[in-house]
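For reference, the structure is listed below as structure tokens.
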Amino acid sequence: MTEERYNIRETEAKWQKFWDETKAFEVTEDESKPKSYVLAMLPYPSGRIHVGHVRNYSLSDVVARYKKAKGFNVLNPMGWDALGLPAENAAIERNTHPKDWTYDNIAQMKEQLLSMGLAIDWSREIATCDPEYYRHEQKMFLDFYKNDLAYRKESIVNWDPVEDTVLANEQVVDGKGWRSGAPVERRKLYQWFFKITEFADDLLQGIETLDRWPDKVRTMQTNWIGKSQGIEFNFDIKGGDLPADAKLNVYTTRIDTIFGTSFAVLAPEHPYANLLAETDTEAKAFIEDCMALGTSEEAIERAEKKGFKTPYTVTHPFTNEEMPVYIGNFVIYSYGTGAIKSAPAHDERDHAFATKYGLPIRPVITGPNFVEGEAYGPKGTLINSGEYDGLTSDEAMSKIIARMEEMGIGKGVTNFRLRDWGVSRQRYWGCPVPFVHCEDCGLVPVPENQLPVELPYDINYDKPGNPLDRHPTWKHTTCPSCTKDALRETDTCDTFFESSWYFLRYLDPKNTERGFADKKSNYWMPVDQYIGGVEHAVLHLLYSRFFMRALKKCGYEVPDEPFAGLFTQGMVTHATYKDVDNNWIFPADVENKDGIWMISDNGQPVTQGAVIKMSKSKKNVVDPQDIIDTYGADAARLFILSDSPPERDLEWTVGGIEGAWRFVNKLHRAVTEATSYLPEVGTVQPTKFSDAASKLRSTTHKAIVGVAEDIDAFHMNKAVARIRELSNALTAFTPNDDADKWAMREGYEALVRLFNPMMPHLAEELWSLMGHTTPLTQTPWPSHDDALLKDDKVTIGVQVNGKVRATITLDSGATKEQAEKIAMEQDGVQKAIEGQTVRKVIVVPGRIVNIVAN
RNA sequence: GGGGCUGUGGCGGAAUGGUAGACGCUGCAGACUUAAAAUCUGUUGUCCUUUGGACGUGGGGGUUCAAGUCCCCCCAGCCCCA
């Protein structure tokens, strides 16, 4: 007997070729089947896939293949999030071109993804840097502009004076540019915005309908939108060069603390602050100092609270007390009205500020855990507040709002933390904003028939700043309106633009007229199952939701919500290693001998450190390609699915991948051996089975149902456990007659179909080895017999006073009385109740018998 | 500071309020082998006076015939927002 070892490389390549040649995963709209749109977050083409990608696509592939087997018309596409800053940085560092770098990376990563054997319709592949892609988003930009959803306004940005560019908040680290290290300045610039705030309430309400999203993500979006009920009211303000009837408008969510107010604070950008700066050089210097701080809330929050006392005073609306007005570096101009009333006894920032500048701190709210001398933040009961004393915060707020409205000085308003989405980037490798600046006509949209506004290829990075701005010819054009010489807009779009609608482009990727046809959207949308990392919980997912509403307003036919189901996977972690000189060492370079870690090449000792998220800087990464080359895609996929629940972090270990690899080989061996004596495909079911065969069949049919339930619930680790159980039952089974063999074939055929979503190459190989000519890609999920899901006998525990004293096996139809009788007969039970009186016997059929005695 | 998640053997993790530890990894013992690898079999929560029993799901309380699971308080770790 020749025992052929399972040749992973050849077999996996063979089936990948087969799927490709038979176009196994290409789909079109088919009204005869229910559709299922399975989507993994599209990758950024960095050049190499990482283990996080493997986890993401292994999950989406399980869902896609499973849904297909369950009779759904499954769309599972893939593309490239190809615009963005890393390509430009790489171009600068390696003296290459962002476009070339990006397309090289796409080619490499595609090859790697192909080696995973994913059930993807590659005919729909897109790259967002393709002008045929971004022409449609330029059209959308124009539609947004027409529908009052895109606008340009002067706003304050983080400016890197060395790089000559605007930085996003997350690119500012400790007040310095992340690349240049230069202190960031706040500058006023004209920037493009999308009016996401128009849908603030709708986006908030929509969250309620997303019942197949993780609560965590829904909470984060709710907090991000940050709806608050408050009041805007006017202080009378005087002093300096202010006009006699000047008012200071402030917003607060805690008007219940109004009697504790002892000062007011203006944001550095507030008009009254600027007015003062015109004549007061110290004020001017202070404001400039504040502007040197980044614009992020975090940066502002972290900085030391500083204030500048102005000559202004405000009048308390109820007590008529004259109170000082400061300019403060901690007040955010874009939130509320850019000025605050203080509540030093009830807000930490105000408390710190008042302490520093010796301002009165008067407690006006009390409640549990109130500590004298510390800021007390929670709502409570009012004190020191005149006629409002004794009211709860909520009662007081509605009364005070009503009173201020009556006085004509304020009104209750709803405020959102959500800001309009700034989409301008002063960068080359992005989608050009399709506008022209004309001296006579002003801002002019590029006519649709001139789209796309394409990026020039010939650029240089000799100098910092935006290459588009410095390009000798590109920005010089004529005004579409008056034909005079004019300048193109040189801003490009935030790359979140591309990812906000790419899932619509997959539906109709070759359409040259429109981004997508309505009928395609109506058939496929919404995405039934979206899978990706939780790091996109707010921005990408919120922007995509905004896009649906915006596109709808512009006449596109799209659903309100783009993603009906969302699953966020956990991170992949790995142990870290350091050598004697405290350098990080790659896991691939170390080995464990007799419990001691050392460098494989020279035997030098290595210490194992914490298990943390894989990161290049800590070198605790494994290259998925190495894994796939060594163990095969099936083993890699199996391991990544089997060890941890998908929503939790997964620790990558050598032992784990080897265990998966052993299972792959075990399955191959078991099926190969069994096939030599099993009946042929399609042999008629025998009429009688031995007890052992019946039990095996029961195990098979339970697995069919259980694995489906587990996949539906994203419990992939449990699905794998059930598959192993079935496999164990089958390999432990020794057939004695033809009926036994028939039951074994039934079991193995089910087994192969059950693990097909996880290990598709092995499954196809074994399926064909067992004599099937129809590939698994066209084979439905196995059917099951309900009668075989029930057991004849059931083993249950018998408790005395809640402690297990015996186990008994009963017919599954046994009555409560029978169960109680048999339970009472058990030695262990008798011993336990000896000398006691039985007070009560609880029988839960099929579950438990509990005898209460004392 | 606010919000959220998590806490179960040596490890990853299972358990509609009903026999805690499925499935796997590791370890140990054995079989096969000249040997090793691979494979197979058994075993693997702790403790005890070991044919039995006690204890055991971060800690403390509570509800219940019955709590890993539900409720309250606390501790630790992680994530998000500040």
Side-chain angles (χ1 to χ4, degrees), chain A residues 3 5 214-226 296-302 330 332 335 347-349 351-352 374-378 417 533-535 537-538 568 570-571 573 575 592 595 610-613 638-639 641-645 647-663 665-666 669-670 673 703 706 709-710 715-729 731-732 794-809 823 827-828 831-832 838-854:
Chain A
E3 195 176 320
R5 222 188 144 109
D215 288 344
K216 178 172 58 169
V217 175
R218 303 202 304 172
T219 307
M220 281 162 74
Q221 291 217 351
T222 303
N223 291 340
W224 190 264
I225 294 168
S296 77
E297 285 178 39
E298 195 194 350
I300 289 170
E301 189 69 27
R302 230 185 256 155
F330 63 97
I332 299 166
Y335 184 80
D347 179 284
E348 246 169 84
R349 290 168 312 183
H351 192 272
E374 282 178 27
Y376 183 73
R417 205 180 78 89
V534 74
E535 66 272 21
V538 178
T568 53
M571 298 182 301
T573 64
N592 190 309
V611 177
I612 52 174
K613 182 185 179 177
L638 177 69
F639 166 54
L641 292 166
S642 62
D643 241 35
S644 294
E647 68 278 10
R648 285 208 219 164
D649 288 354
L650 167 75
E651 185 187 350
W652 187 278
T653 61
V654 176
I657 182 68
E658 283 178 349
W661 180 75
R662 276 202 294 276
F663 188 51
N665 284 294
K666 183 179 163 181
R669 206 178 321 117
E673 276 170 29
E709 281 174 2
D710 288 337
H715 296 157
M716 308 309 177
N717 55 326
K718 286 163 67 183
V720 172
R722 282 184 205 271
I723 284 165
R724 284 182 183 271
E725 275 178 287
L726 177 56
S727 157
N728 290 345
T731 50
V794 57
T795 301
I796 65 171
V798 181
Q799 298 178 333
V800 176
N801 294 331
K803 285 187 179 169
V804 179
R805 297 297 175 187
T807 57
I808 55 175
T809 302
D827 288 349
K831 224 155 113 188
V838 174
R839 302 289 174 194
K840 198 172 170 186
V841 179
I842 289 134
V843 182
V844 183
R847 289 285 176 199
I848 199 92
V849 177
N850 191 11
I851 298 157
V852 185
N854 58 18

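Naming: A, B, ... by sequence-line order, numbering from 1 per chain.
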(request) Could you pull out the closest heavy-atom pair between A/Ser727 and A/Lys666, with the gap in Å? (result) OG-CE, 4.4 Å

(message) What's the gap between B/A66 and B/A82 when it is taken at their P atoms, as a whole Å value?
(response) 47 Å

(request) In whole angstrom, give me the gap between the C1' atoms of B/A22 and B/U8. (result) 13 Å

(message) Under a 3.5 Å cut-off for both contacts, is B/G1 paired Watson-Crick or G-U wobble with anything, and if yes, with which nucleotide?
(response) B/C81

(request) Indicate syn or anti for B/G4, taking the glycosidic torsion and treating anything within 90° of 0 as syn. (result) anti

(request) Figure out the CG/C1' separation between A/Asn665 and B/A37, and round it to whole Å. (result) 14 Å

(request) Any strand is fair game: report the nucleotide pairing with B/A76 by Watson-Crick or G-U wobble, both distances under 3.5 Å, or none. (result) B/U6

(message) When the C1' atoms of B/U44 and B/U49 are compared, how many Å lie between them, rounded to an integer?
(response) 24 Å

(request) Without swapping roles, check the side chain of A/Gln799 against the backbone of A/Ile851 for a donor-acceptor pair under 3.5 Å. (result) no

(request) Determine the Euclidean distance between corresponding C1' atoms of B/G17 and B/U63; express it in Å to zero decimal places. (result) 12 Å

(message) If you take any heavy atom closer than 4.0 Å to RNA chain B, which residues from residues 216-225 of chain A end up in contact?
(response) A/Thr219, A/Met220

(message) Taking only the C1' atom of each, what is the distance from B/C81 to B/G10 in whole angstrom?
(response) 38 Å

(message) What does the B/S/- profile of nucleotides 9-26 of chain B look like, 5' to 3', with a 4.0 Å heavy-atom cutoff to protein?
(response) ---SSSSB-BBS-BSSSS

(request) Quick one: closest heavy-atom pair of A/Val849 and A/Ala823, and the distance? (result) CG1-CB, 3.9 Å

(message) Could you identify the nucleotide paired to B/G24, looking across every strand shown and requiring Watson-Crick or G-U wobble geometry with both distances under 3.5 Å?
(response) B/C11

(request) Drop me the distance from A/Asn223's CG to A/Arg218's CZ, to the nearest 0.5 angstrom. (result) 13.0 Å

(message) Under a 3.5 Å cut-off for both contacts, is B/C70 paired Watson-Crick or G-U wobble with anything, and if yes, with which nucleotide?
(response) B/G62

(request) Please report, rounded to the nearest Å, how far the C1' atom of B/C40 is from the CZ atom of A/Phe663. (result) 16 Å

(message) Has A/Thr573 got a side-chain atom pairing as donor or acceptor with A/Leu650's backbone, closer than 3.5 angstrom?
(response) yes

(request) Give a yes or no answer on whether the side chain of A/Asp710 reaches the backbone of A/His715 with a donor-acceptor pair at less than 3.5 Å. (result) no

(request) May I ask you to check whether A/Trp661 and A/Phe639 place their ring centres under 6.0 Å from each other? (result) no

(request) Can you measure from CZ (A/Arg839) to CG (A/Asn801) and round to the nearest 0.5 angstrom? (result) 11.0 Å

(message) What's the separation between atom CG in A/Leu638 and atom CZ in A/Phe663, rounded to the nearest 0.5 Å?
(response) 7.0 Å

(message) Both A/Arg805 and A/Met571 contact RNA chain B. Which one's nearest nucleotide lies toward the 5' end?
(response) A/Arg805

(request) Write down the distance separating the C1' atoms in B/U33 and B/C25, rounded off to the nearest Å. (result) 26 Å

(request) Please measure how far the C1' atom in B/C48 lies from the corresponding atom in B/C65, and state the result in whole Å. (result) 30 Å

(request) Check whether any side-chain N or O of A/Lys831 sits under 4.0 Å from OP1 or OP2 of B/G52, and answer yes or no. (result) no

(message) I want to verify the glycosidic state of B/U50; is it syn or anti under the 90° rule?
(response) syn

(message) Keeping A/Asn850 on the side-chain end and A/Gly802 on the backbone end, is there a donor-acceptor pair under 3.5 Å?
(response) yes

(message) Taking the C1' atom in each of B/U64 and B/C79, what is the distance between them to the nearest angstrom?
(response) 35 Å

